[in-house]
Structure formats: C-alpha cells, structure tokens
Amino acid sequence: MNVQAQLENAISTAIRELFDTETAAVSLQPTRKEFKGTYTFVTFPLTKTLRRKPEEIAQAIGEWLQSNSPLVRAFNVVKGFLNIELSNEVFVHALADYSRWLEAFPNNTRHSKQEKVVVEYSSPNTNKPLHLGHLRNNFLGYSMATILEANGYDVHKTQIINDRGIHICKSMLAYQRFGKGETPESSGIKGDHLVGHYYVVFERHYREQVKALMEQGMSKEEAEKEAPLMKEAQEMLRQWEAGNPEVRALWEKMNRWVLDGFDETYRKIGVSFDSVYYESDTYLLGKDIVEEGLQKGIFFKKEDGSVWVDLSDEGLDQKLLLRGDGTSVYITQDLGTAEKRYQEHHMQRMIYVVGNEQDYHFKVLFAILKRLGRPYADGLFHLSYGMVDLPSGKMKSREGTVVDADDLVAEVIDIARQITEEKLKNSDMLDSFTPDELNKLYEIIGLGALKYFLVRVDPKKRMLFNPQESIDFEGDAAPFIQYTHARICSVLRKAGESQIKAAFPENHALSEQEEQLVFTLTQFPEKLDEAARTYAPSVLAQYIYELTRLYNSFYAHHSILKAETSEAASFRLAISQATAQTIRKGMQLLGIEVPERM
RNA sequence: GGUCCCGUAGCUCAACCGGAUAGAGCAACUGCCUUCUAAGCAGUCGGUUGCAGGUUCGAGUCCUGCCGGGAUCGCCA
C-alpha cells in the first residue's frame with residue numbers, strides 16, 4: 001500500500017477514535033509548496049458533522065497522527081488545513097520501492113488488464129500529403145496507444161485510409177490530363193506530394209471553369225455542378241465503382257505513390273500501426289448492417305429508397321445511411337469498419353482519434369451501434385481533439401495556408417542542427433560525435449521539440465501554431481527535458497568512474513528539495529494512470545516537465561558526487577538515476593526520444 | 001436559428017472530484033560558468049480568470065443570463 005493510502009487510513013482511524021464518528025473516505029491533496037509538508041488534509045467538510053472549528057479538528061488529528069503514525073514526523077495547521085510532514089525513512093523507502101518498480105517498467109505493467117483496445121488514428125485521404133493537423137493527430141494517437149499499453153491494455157494500433165472517392169478521382173483526372181506520365185522517380189517528388197500537386201492542378205482548372213460559367217450567367221451552385229471537370233471526375237468515380245480496368249489501374253498506381261509517401265513520413269516521425277484498413281475494402285460492408293437495421297425496424301426507408309435512422313429523441317437528427325441509389329455514404333462505411341474490427345479483434349474498447357469537427361458524426365455512429373445492440377457499442381470512444389490554428393486563422397488548403405508535415409519536420413530538424421552545433425562547439429563536444437551520431441541527435445532534438453509542442457496541450461483544446469516562434473528549445477520544451485537527461489547521464493557516467501553507487505541510506509536527512517523530488521518521482525504511476533483515464537498524454541508531458549524543473553533546481557543547489565557525506569552522495573545518485581529513467585521512460589510514452597549526450 | 005466547445009498575465013499554456021495568496025514558459029530587465037553539461041539556476045516585472053448575478057465555510061472550476069470566438073446541423077469525407 002502506498003504512503004498516501006496509509007495516511008488516509010490513519011486519518012480515518014484518528015477521526016473514529018477522537019470524535020467517535022465514521023466519515024466518508026478521506027482524501028489528501030499535495031501540500032502547496034509555500035507551506036511545509038507533503039500531504040494536506042482539508043477539515044472544512046467535517047465541521048458540520050463534528051460541530052467543531054476547523055482549526056481544532058486539524059490540530060487534534062495532527063497530534064493524534066504524530067503520536068500514533070510512524071509515517072508522520074510533524075504537522076502544522078493553517079486555518080482549516082492540516083499539513084502533514086513525513087518522516088525521513090518514508091522518503092527513503094518510497095524512493096527505493098519506486099526505483100525497483102521503475103527498473104522493470106513497462107514490462108511489469110504489460111497485459112495486466114486483460115482488455116483489448118483498438119486505437120485508430122491518422123486516417124488520411126489519399127489525395128494529398130499529411131499536414132500539421134495530421135501531426136497532432138498522429139502524435140496524440142501514437143502516444144495514447146503507448147500509454148494505454150503501459151497501463152496494461154492489449155493495444156492494437158490501426159487506421160482507416162480513405163483511398164476512394166471523388167477526391168482521389170480529382171487528382172487522377174488532373175494527372176491523366178496534365179501529368180505527361182511523370183512519376184515520383186522521374187520528377188524526384190515524393191509520391192504523396194506529387195498526387196497532391198495534381199489535386200491542386202484540378203482545383204485550379206476547375207475554379208477557372210466555374211468562373212467562366214458564372215460569367216455566362218450561371219449561379220455559383222449551378223456552375224460548380226455543371227463544370228465539365230467536375231462531371232468528368234464524377235464519371236471517373238462511377239467507372240471506378242464499375243471496376244473499369246483502366247481507371248482501377250491508374251487508381252492503384254497513384255494510391256501506391258501516396259501510401260509509399262505516407263510510410264516514409266510515418267517512419268520519419270516515428271509512428272507505426274499494427275494494421276491498416278482501406279475504405280475501398282470496407283465501404284460496402286456497412287450495407288449488410290443497414291439491411292439488418294431495416295429488418296429490426298431501427299431504420300426506415302423513404303419513398304426514394306434511401307435509408308434513414310431517426311435519432312431525434314436523443315437530441316440528434318435524422319441521418320441518412322444509404323442513398324436512394326443504394327450507394328453508401330461516409331457513415332455506412334464506418335458501420336462496416338467497426339463491425340469488421342470487432343470480428344477480427346473482439347476488442348472491449350475502440351478509440352477513434354479524430355478532430356472535433358466530427359463530434360456530431362461520432363455521436364450518431366455510436367448511437368446507431370448502440371441501437372443495433374452491438375456488444376462493443378459501450379466501449380466506443382471518440383478522442384476528439386481541437387484544431388491547430390495558424391496566426392492567420394484556420395488552415396485552408398485552397399488558400400495555400402496549410403503547413404505541410406514533411407516540410408515542417410525538415411525545418412525543425414534544421415533549426416535543431418543550427419542550435420545544437422553552436423552549443424556543442426561552445427562546450428568543446430562537437431568533435432566527440434561522429435557525423436552519423438550528430439544527424440541522429442539533430443533529429444531527436446528537432447522532432448522532440450515538435451512532438452512535445454503538439455502533445456503538451458490538452459487534446460480537447462484548439463491550439464495555436466506560430467511557425468516563427470512556436471518551437472521552443474528552452475523552457476517548457478522537449479530540448480530542456482532532453483538536456484536534463486543528458487546531464488544526468490553525464491553524472492552517472494562519472495559516478496561509475498569514481499565507483500560511487502546509488503543507495504538508499506535511512507540515515508540520510510533529506511533537504512526540502514530532495515523530499516519534493518522523491519515525492520514527485522513516486523507520482524509517476526498515478527500520472528500514467530490519469531493520462532490513460534482522461535485520454536490526455538498532456539498530463540504526462542506536464543508531469544515530466546515539472547519533474548525536470550525540480551531536478552534542475554536540485555542539481556544547481558546540491559553536490560551529488562562531491563556531497564558532504566557518502567550517504568548523501570549515494571542517495572542523490574539514486575535520485576538522479578530514478579529521474580533520468582523516469583524522464584526517458586516517460587518521454588518514450590509520448591513518442592519522444594532522449595539522448596545520453598547533447 | 002438549433003446543438004456543442006472555448007474565453008485565465010503582452011504571447012503560448014497549467015490549475016487533481018469545488019480548497020489556501022490562480023501557476024509555468026516565452027518576451028523584457030538583474031545577477032550566477034577556476035566546482036557533476038549555462039539548452040541551466042536565482043530573481044524582478046506582469047491578473048477584476050470575458051461581463052453580471054446565484055449556489056456555500058470556500059468558485060477559474062457548479063447553475064442562470066449576456067458579450068465575444070469556433071465547430072456542426074450536406075444523398076462531402
């Protein structure tokens with residue numbers, strides 16, 4: 001049992017013995033740092049039942065604890081707040097226990113829950129390359145999956161690739177028309193960018209046609225519908241559905257280019273998937289479910305043959321599930337995909353990492369699956385995250401304000417290169433790295449900075465990305481954390497040279513900072529649990545930052561290897577080791593690497 | 001218009017289930033490298049938590065109204 005739970009029990013006992021009353025579960029909070037103590041018990045809620053002043057209650061419980069609990073060294077009362085100071089051995093033992101646990105983590109938590117979770121993220125369209133929004137999605141999804149795994153779930157990472165539809169036909173048509181047979185190889189352009197280029201070409205010519213038609217007196221809506229290019233794209237989609245070999249061949253070729261491009265990006269940014277679903281494989285599957293819903297009377301058919309569900313009693317609308325001509329819409333495909341995944345994985349939970357612009361869509365999807373009585377319906381969760389805005393507002397592909405993922409990644413690595421080279425030169429370390437090591441280091445630092453920036457913010461909130469200044473290398477940023485890790489590693493190396501070993505001597509009297517550090521370290525499992533429970537990797541990011549800050553302050557105010565006593569030296573070394581490991585394993589859960597030297 | 005989300009320091013973000021004097025970073029300004037890596041440490045400056053009520057021992061947090069911003073309400077995905 002951990003210290004906090006033991007204390008809470010002790011307080012319950014104290015209340016029973018002192019006031020002859022049973023209380024609801026007591027809960028402690030960390031003491032604010034301007035007061036002495038580690039845990040604080042708030043007595044205000046007890047004043048009514050006990051009919052005493054909060055100070056009196058706090059004082060009485062404090063005295064009881066001090067004489068009855070070996071955990072408690074001292075206490076102080078401020079208004080109704082009882083601040084509890086723990087005895088030395090508590091910290092020493094806590095660090096020893098934590099270090100042992102940490103050594104084995106995350107192997108010691110793996111598969112402890114017997115529950116399978118499917119996490120879907122990324123899920124791009126195949127008509128253009130990944131952008132900044134996808135990066136937030138990918139880092140969030142990958143990190144969430146890793147965090148769930150470390151919490152004991154059996155995690156399966158997947159995505160649904162939207163590889164069919166009018167969007168890809170637009171790129172195909174433009175390529176057919178203007179491409180002159182160029183390929184990623186012949187042009188030297190990454191496949192997804194090449195296909196994206198033709199999507200833009202389509203849009204450009206299409207806009208011209210629309211404009212011309214409008215000048216001839218058509219309304220905008222009419223012109224957009226009547227423009228020859230649009231009609232041709234729609235015709236191409238029909239041919240695709242009909243299985244026209246030529247169209248299919250072009251589609252396969254161009255999709256291959258895009259998917260290869262995506263793979264390259266995924267590899268670069270360090271995310272991965274256990275499986276991939278393609279819309280072209282699943283888009284027809286939902287139809288069986290629609291049929292089933294009709295038979296069960298959950299769905300209904302309109303005169304034109306279209307199929308609908310009425311969710312108005314749940315505050316939602318009527319929603320189309322199948323067009324009058326029998327073709328499927330977006331949500332039809334999602335029904336089918338969910339079903340297929342359940343058949344293949346029998347998961348208890350499935351998490352969709354998708355932007356909050358689709359909040360409504362997922363409400364509807366989940367409501368439908370629930371009405372259909374699907375066993376997995378209650379385990380569905382939409383991890384809805386906010387959009388990434390630019391200083392100019394929302395990213396708009398038509399206005400060319402989209403921040404391309406590959407460009408951004410290359411840019412942050414380049415900035416990392418410049419800064420790191422400079423720093424290494426200043427500290428005479430540059431020559432101690434091989435060119436390969438340097439390139440790896442720049443990548444770790446640049447990517448780390450980018451990932452941390454995107455993952456430190458509460459997923460639910462929309463966030464602002466300023467290309468000029470958003471990626472920090474100082475302060476609340478990954479390089480600060482990475483640097484601290486490298487620094488500790490350096491201390492650990494030197495400790496090895498001078499034969500100093502980490503230990504947990506009970507007679508070492510901890511300084512306030514040491515107490516705080518030990519306390520914060522041992523919070524890691526709780527934070528990990530909270531991150532999983534609340535679907536927020538940001539709580540881990542913030543925790544690691546807080547730990548790093550504390551350590552740096554400790555580092556500046558304490559000698560480690562040249563400490564006053566050998567007990568102090570070995571205990572501080574133990575703190576340092578645990579901090580480095582917590583940073584490394586914690587950052588790993590965010591998908592961020594940390595170097596041993598920088 | 002209906003529904004949902006958001007509004008905290010000049011900027012970017014925190015604040016556990018309602019707890020103490022609302023915290024960090026950036027920016028600006030001071031100090032600190034003959035001592036374990038200065039991407040660091042210590043400090044100064046910066047707030048009527050959008051506004052007005054309400055609930056209570058206590059409200060950034062819960063409730064109501066208003067103001068401002070965003071998303072969504074397609075036989076698009």
Side-chain angles (χ1 to χ4, degrees), chain A residues 27 29-35 40 42 44-45 47-48 54 78-81 83 123 125 162 164-167 279 302 304 306-308 315-317 319-325 327-331 333-334 355-361 363 384 386-387 389 391 393-394 419-420 422-424 426-429 445 449 453 456-458 460-466 469-470 472-484 486-495 498 526-527 530 534 538-539 542 545-546 549 552-563 572-573 576 597-598:
Chain A
S27 74
Q29 50 184 295
T31 303
R32 293 184 69 99
K33 61 177 174 232
E34 57 264 42
F35 301 99
T40 294
V42 184
F44 295 106
T47 52
K48 264 186 204 145
V78 183
K79 294 191 266 183
F81 297 92
N83 300 319
S123 302
N125 292 348
N162 301 302
R164 51 136 243 135
I166 193 74
H167 50 82
E279 193 193 331
K302 289 193 177 173
D304 63 354
S306 59
V307 179
W308 296 72
L316 302 167
D317 275 326
K319 184 84 183 172
L320 176 89
L321 301 178
L322 208 58
R323 295 191 185 99
D325 63 5
T327 58
S328 59
V329 291
Y330 182 49
I331 200 157
Q333 167 255 125
D334 262 347
N356 63 10
E357 55 199 352
Q358 294 196 37
D359 283 356
Y360 185 78
H361 170 78
K363 274 187 193 165
S384 161
M387 299 288 101
D389 286 325
K394 202 180 166 180
I419 295 176
T420 306
E422 176 78 19
K423 301 262 188 200
L424 289 179
N426 290 344
S427 55
D428 276 332
M429 288 170 71
I445 295 172
F453 176 81
R456 66 184 258 270
V457 178
D458 184 338
K460 291 193 288 294
K461 298 198 173 172
R462 62 186 307 138
M463 63 185 295
L464 184 80
F465 180 83
N466 185 335
E469 51 193 51
S470 276
D472 285 326
F473 287 77
E474 288 168 14
D476 188 1
F480 168 74
I481 296 167
Q482 293 168 322
Y483 174 74
T484 304
R487 222 182 191 188
I488 301 175
C489 286
S490 170
V491 174
L492 297 178
R493 281 191 298 269
K494 295 207 159 110
S498 46
E526 247 169 79
K527 294 290 177 183
E530 188 189 335
T534 61
S538 58
V539 327
Q542 279 151 23
Y545 172 63
E546 171 68 15
R549 253 178 13 132
N552 272 308
S553 179
F554 157 83
Y555 180 91
H557 296 279
H558 296 73
S559 288
I560 300 168
L561 301 176
K562 290 173 190 156
R572 287 173 191 165
L573 200 58
S576 302
R597 295 192 302 140
M598 72 181 269

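Letters go in sequence order (proteins before strands), and every chain restarts at 1.
Closest approach of A/Leu321 and A/Val329 over heavy atoms only: O-CG2, 3.7 Å.
Residue whose closest nucleotide on RNA chain B sits further toward the 5' end, between A/Leu424 and A/Val329: A/Leu424. Residue order along RNA chain B, read from the 5' end via each residue's closest nucleotide, puts A/Leu464 first among A/Phe473 and A/Leu464.
The shortest distance between the side-chain N/O atoms of A/Lys363 and the OP1/OP2 oxygens of B/C5 is not below 4.0 Å. Within the 4.0 Å cut-off from OP1 or OP2 of B/C13, not a single side-chain nitrogen or oxygen of A/Arg456 is found. Under 4.0 angstrom from either OP1 or OP2 of B/U21 there lies no side-chain N or O belonging to A/Lys33. Look at A/Arg487 and you'll find a side-chain N or O under 4.0 angstrom from OP1 or OP2 of B/A38. Between A/Lys494 and B/U37, a side-chain N or O to OP1/OP2 separation shorter than 4.0 Å is present. Regarding contacts with the backbone of B/G23, a side-chain N or O of A/Arg32 is found under 4.0 angstrom from either OP1 or OP2. An OP1 or OP2 oxygen of B/A42 is reached within less than 4.0 angstrom by no side-chain nitrogen or oxygen of A/Arg549. Here A/Lys562 does not reach the OP1 or OP2 of B/U35: none of its side-chain N or O atoms lies under 4.0 Å away. Using a 4.0 Å cut-off, some side-chain N or O of A/Ser553 falls inside it from OP1 or OP2 of B/A42. In terms of phosphate contacts, A/Lys48 brings a side-chain nitrogen or oxygen within less than 4.0 Å of OP1 or OP2 of B/C57.
At a threshold of 4.0 angstrom between heavy atoms, the contacts of A/Lys461 are confined to the sugar-phosphate backbone, with no base atom among them. Within the 4.0 angstrom heavy-atom criterion, base atoms lie near A/Thr420. Note on A/Pro54: nothing from the nucleic acid sits closer than 4.0 angstrom, heavy atoms only. At a threshold of 4.0 angstrom between heavy atoms, the contacts of A/Asp359 with the nucleic acid are absent. Within the 4.0 angstrom heavy-atom criterion, base atoms lie near A/Arg597. At a threshold of 4.0 angstrom between heavy atoms, the contacts of A/Phe81 include nucleobase atoms, whether or not backbone atoms are also involved. If you check every strand for non-hydrogen atoms under 4.0 Å, A/Ser490 touches a base. Among the atoms of the strands shown, base atoms are found under 4.0 Å from some heavy atom of A/Val78. Using a 4.0 Å heavy-atom cutoff across all strands shown, A/Asn83 reaches at least one base atom of the nucleic acid. Here A/Asn466 lies out of heavy-atom contact (under 4.0 Å) with every strand.
The separation between A/Met598 atom CE and B/U37 atom P is 14 Å, rounded to whole Å.
In summary, A/Asp325 and A/Arg323 do not engage in a salt bridge, as defined by a charged side-chain N under 4.0 Å from a carboxylate O.
Ring stacking holds between A/Phe44 and B/G19, with the centres under 5.5 Å apart and the planes within 30 degrees of each other.
Nearest to the side-chain atoms of A/Glu357 among the listed nucleotides B/C73, B/G40, B/A71 stands B/A71.
For B/A20, its base sits under 3.5 Å from the side chain of A/Thr40 at one donor and acceptor pair at least.
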